[in-house]
Amino acid sequence: MSDHPILTIIDVAAPDAYPAITAATESAEWPALTERLERTAEDYRRAPSLHALVQLEGTLHAILRARRDTLDAWTDAEPDNGWAWLMLGMADTYAGLDARGEETADMLTDAEWDQVATHMNRAQEPLARALQLGVQPGPALAAIGQAATVMGLSEEDHQHLMAQLTEADPNWLPAWSNALARSEARWGGSLAHMGEVLTLAGQAITAPELHRTLTAEYWWWRANRAGALDGDLVTARGHARAGLEDCPPGRMRANLLVLEAQILSAMDASAQEVAESWQAAVDAAPDDPDHQFDLGLAWVMAGDIARATAVFAKLAEATGPKGTEAANFLGRRLARGDRGFPRDRAAAERWFHLAAERGPTGKLNLAELRLEDDPHSEEALTLCHAAIEEGNGYGALPLARAHLARGEQAEARAVLIDVPADFAACKYALARGLDEGWFGAADPLAALKVSSSVLPQVFDPYLSVLHMTLLSAQGHWDAAREHGGWLLEEVAAGQLELPEPLLNEVQRLMGEIPKPGLGGLLKRTFSNTRLRMEVESPELWAT
């Protein structure tokens, strides 16, 4: 068994490590998985360190990427293997956490909470079984603690759990991290409680590197709260810097650097300082595609297009959603020559081709490029159809535009009708077209039916303002005034954001609506005017 590929992995951060371990799980290679886990657990016990802990934790999480029925098959095949039971219990715990989401318990429906409880309760038996069979206790105790905290753990029970951890596996950092999170004020704890956890950990943890990492996490929590909840960005940055002072390289250092970059951006620091801060964060965690994308945007804001291009180009060559997004981003910037990028159609086409191989948005961007050269390009229309079939309904916009250019009004209308309401810009185009007669005779009533059916499902600012004009076309002046007033109230309360030209348009339209009383009655009775939306959506045909 010693020659199995997953047994030669010395660093789970290597690009192929997680997929290889997950593949071995899906292939039911239980002996190799058990040996991998035993070896990494032994390394961790013999010389506790951040690296050794990450190897064991990373192996566990790579296995957890497999389907749950695969883990069920493992316990069926090897009922006395503690690792198999641990994986099953951890899988249920994480399923419960996913079902819970980021909301607090009081924000979940009864049905949602029942789903959380089902997963969390189901996790307890396999986790207890894993401990009985002598598996490494830290991961099991951490999972038990997570589930118990979500379900409502008393302070007495929490103290008992921490006592078990202190005795059985004092260096298992994820369990201490859970305890620290539970002690944070927004979850019912306090700064004093967090300090107590940190002190207890300092007495129990034998590896100084691990305690320094937990201390850095303590400062991360304080910085996060100061910035996100208290709005005190200066204090937040001070806490982040305090956490970085003695934080070992690794995930927590990267998290602090990311938080500092976000704080600097919110503080309106110079674009150069923000970009340099993001660069430090990416240098600390070079394999995080989200942070790479943020770094590229930061260099764009700083005006360093060469560095931004290098970041996006490197990211675009990698597979995954962010790589595809980077390819589309580069293509759009180069096609238009905006935001400081040079206009380079050939380079834009190369990036769009790469993105088109991976998903519908690239196909749509490539179609737009083709339609600029030839409004009747059959290749472009084929790409639009393919984008729609792959789930990007915005392909209907250039497709409808092409049909209108050919005089095919019925086809243009049908394309926009078939698109789901989620693609609100298409429905805006449909409603505006019906109102203004793009598809034949103007039909404001049909347009109103579109806006009335779509807006309760998906809010779109342009469709919402158009809705005011459509209400007025049917003589529903009070409803038009009420809708416009609602828009202005929501903007004033900070609940909605309207582009400035559109906000001005709402205010103008509100001034044209007849007011209650005799004057309004006379205007409504003897005037043939109706509200007319004069601001066009810049995104109407954009993709």
Side-chain angles (χ1 to χ4, degrees), residues 261 265 271-272 274-276 278-279 281-282 286-388 390-402 405 423 425-426 499 536-543:
S265 181
Q272 183 70 25
V274 172
E276 290 172 352
W278 272 114
Q279 186 67 62
V282 169
D287 296 323
D288 190 308
D290 290 324
H291 297 161
Q292 291 171 32
F293 199 93
D294 289 333
L295 172 62
L297 291 178
W299 284 123
V300 172
M301 296 299 295
D304 195 330
I305 302 303
R307 295 183 77 166
T309 301
V311 171
F312 283 121
K314 180 180 178 182
L315 179 56
E317 294 294 348
T319 58
K322 278 297 176 183
T324 303
E325 187 178 351
N328 280 310
F329 179 89
L330 272 178
R332 284 192 294 268
R333 301 288 79 77
L334 293 165
R336 300 169 185 171
D338 60 6
R339 298 187 70 174
F341 284 80
R343 193 168 188 272
D344 187 337
R345 289 286 300 272
E349 185 169 341
R350 289 196 301 274
W351 289 117
F352 285 154
H353 265 296
L354 179 63
E357 294 172 358
R358 302 176 183 173
T361 303
K363 291 180 176 64
L364 201 48
N365 283 323
L366 188 57
E368 280 288 302
L369 207 62
R370 292 281 184 267
L371 289 169
E372 286 181 15
D373 299 327
D374 177 9
H376 305 293
S377 168
E378 290 298 332
E379 179 193 358
L381 299 184
T382 299
L383 286 166
C384 289
H385 281 294
I388 294 172
E390 292 179 21
N392 191 331
Y394 289 121
L397 290 174
L399 201 56
R401 182 177 58 199
F423 300 94
C426 298
E536 178 60 282
S537 167
E539 301 299 323
L540 177 57
W541 298 113
T543 55

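Worth knowing before you read on, the calculation uses all heavy atoms, side chains too, and leaves out hydrogens, waters and symmetry mates.
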Would you check if [X] and [Y] make a side-chain contact, meaning some heavy-atom pair closer than 4.5 Å?
| X | Y | value |
| --- | --- | --- |
| L397 | E368 | no |
| R401 | L371 | yes |
| L354 | R358 | yes |
| V282 | D288 | no |
| H353 | R350 | no |

In chain order, what residues pass the salt bridge (Lys or Arg N to Asp or Glu O under 4.0 Å) check against [X], with sequence neighbours excluded?
| X | answer |
| --- | --- |
| D338 | R333 |
| R345 | E372, D373 |
| E276 | none |
| E317 | none |

Closest non-hydrogen atom pair, [X] against [Y]:
| X | Y | value |
| --- | --- | --- |
| K363 | L383 | O-CB, 3.7 Å |
| I388 | G395 | CD1-C, 3.7 Å |
| A402 | P375 | CB-O, 4.2 Å |
| A316 | A327 | CB-N, 3.7 Å |
| A308 | G296 | CB-O, 3.6 Å |
| C426 | G393 | SG-O, 3.5 Å |

Return yes if some donor-acceptor pair links the side-chain N/O of [X] with the main-chain N/O of [Y] below 3.5 Å, else return no.
| X | Y | result |
| --- | --- | --- |
| Q292 | P286 | yes |
| S265 | A261 | no |
| R343 | A335 | yes |

Who passes ring-ring contact (aromatic ring centres under 6.0 Å, His included) against [X], sequence neighbours left out?
| X | result |
| --- | --- |
| F341 | none |
| W351 | none |
| F312 | F293, F329 |

Which side-chain hydrogen bond (donor to acceptor under 3.5 Å, both in side chains) pairs, counting each pair once, include a residue from residues 297-308, with sequence neighbours left out?
->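 Residue pairs passing side-chain hydrogen bond (donor to acceptor under 3.5 Å, both in side chains), neighbours aside: Q279-W299.
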Roughly how far apart are [X] [atom1] and [Y] [atom2], rounded to 0.5 Å?
| X | Y | atom1 | atom2 | answer |
| --- | --- | --- | --- | --- |
| D290 | L295 | CG | CG | 12.5 Å |
| Y394 | L399 | OH | CG | 16.0 Å |
| L364 | E390 | CG | CD | 10.5 Å |
| L315 | H291 | CG | NE2 | 12.5 Å |
| N365 | N328 | CG | CG | 4.5 Å |
| L369 | R336 | CG | CZ | 10.5 Å |

Could you list the residues that satisfy side-chain hydrogen bond (donor to acceptor under 3.5 Å, both in side chains) with E379, not counting sequence neighbours?
->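 R370.
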Just jot down the side-chain hydrogen bond (donor to acceptor under 3.5 Å, both in side chains) partners of E536, sequence neighbours excluded, or say none.
->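 Expected list: Y428, R432.
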Excluding sequence neighbours, so at least two apart, what forms side-chain contact (heavy atoms from CB on, under 4.5 Å) with P321?
->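 For P321 there are no side-chain contact (heavy atoms from CB on, under 4.5 Å) partners, ignoring immediate neighbours.
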With sequence neighbours left out, what residues match A310 under side-chain contact (heavy atoms from CB on, under 4.5 Å)?
->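 Expected list: none.
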